[in-house]
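These notes are about the structure you will find just below.
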Amino acid sequence: VQLQASGGGLVQSGDSLRLSCVASGRAFSNYPFSNYGMAWFRQAPGKEREFVAAIAWGGVTTYYRDSVKGRFTISRDNAKNTVYLQMNSLKPEDTAVYYCAADKARVGALPLYDHWGQGTQVTVSS
């Protein structure tokens, strides 16, 4: 499984960004993307990687860290093997490298996912 994240950039406080993560690989021929739990994590300089949001295989159940609730929305398009993170009302403290992650057997806040993307930088200036 390969995960390609994109959509990061430099924005001002209050702006919006939408991150995308496209999944690919032979694994999906036997176990479709729709059956994977997907998540976004982030890591700021000098800090540990932290959970941001996750979405279960059906796309109905979602999870968020408290600090992004009401501002960020995770969604998925199983036909496109893609998970999104819509980020509104961005704050300087959201500045980090954002990583997408995938797992066949779990979804949630722990960084125990089997597959990780390369990350995309989000920088929010005040």
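This chain uses plain numbering: 1 for the first residue, then up along the sequence.
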Check [X] against [Y] and note the closest heavy-atom contact, atom names and distance.
X	Y	value
S16	N88	OG-OD1, 2.9 Å
R71	S89	NH1-O, 2.9 Å
V107	A54	CG2-CB, 3.7 Å
V1	A27	CG2-CB, 3.7 Å
V83	I55	CG2-CG2, 4.1 Å
Q43	K47	NE2-O, 3.1 Å

Can you find a pair of side-chain heavy atoms, one from [X] and one from [Y], that are under 4.5 Å apart?
X	Y	result
R42	E50	yes
L19	V122	yes
L85	T73	no

Indicate, with yes or no, if [Y] and [X] share a hydrophobic cluster defined by side-chain heavy-atom contacts under 4.5 Å among Ile, Leu, Val, Met, Phe, Trp and Tyr.
X	Y	value
V68	M87	yes
I74	L17	yes
L10	V124	no

Any chance you could measure [X], atom [atom1], to [Y], atom [atom2], to the nearest 0.5 Å?
X	Y	atom1	atom2	answer
Q86	S20	CD	OG	9.5 Å
N81	S24	CG	OG	8.0 Å
C100	M38	SG	CE	5.5 Å

Does K91 pair with D94 as a salt bridge, N-O distance under 4.0 Å?
->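 No, this pair does not count.
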Between Y98 and F72, how do the two ring planes meet: parallel, tilted or perpendicular, split at 30° and 60°?
->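 The arrangement is tilted - the two ring planes meet at 30° to 60°.
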Flag, side chain of [X] to backbone of [Y], donor-acceptor distance under 3.5 Å:
X	Y	value
T82	K80	yes
R76	G37	no
D103	D114	yes

Candidate list W40, Y64, F41, test ring-ring contact (aromatic ring centres under 6.0 Å, His included), partner F51, passing option |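 Only one option passes, and that is F41.
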Please say whether the positively charged group of R106, taken as NZ for Lys or CZ for Arg, lies over the ring of Y113, i.e. under 6.0 angstrom from the six-membered ring centre and within 45 degrees of the axis.
->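 Cation-pi check for R106 and Y113: fails.
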Residues in side chain to side chain donor-acceptor pair (under 3.5 Å) contact with D77, at least two apart in sequence or another chain |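 None.
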Apply side chain to side chain donor-acceptor pair (under 3.5 Å) to R18 and list each qualifying residue two or more places apart in sequence or on a separate chain.
->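 So R18 forms no side chain to side chain donor-acceptor pair (under 3.5 Å) with any residue.
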F28 and Y36: aromatic ring centres closer than 6.0 Å?
->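 Between Y36 and F28, which both carry aromatic rings, the centre distance is below 6.0 Å.
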Would you mind listing every side-chain hydrogen bond (donor to acceptor under 3.5 Å, both in side chains) that reaches into residues 115-126, with sequence neighbours excluded?
->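 Checked against side-chain hydrogen bond (donor to acceptor under 3.5 Å, both in side chains) - neighbours excluded - the pairs reaching residues 115-126 are Q121-T123.
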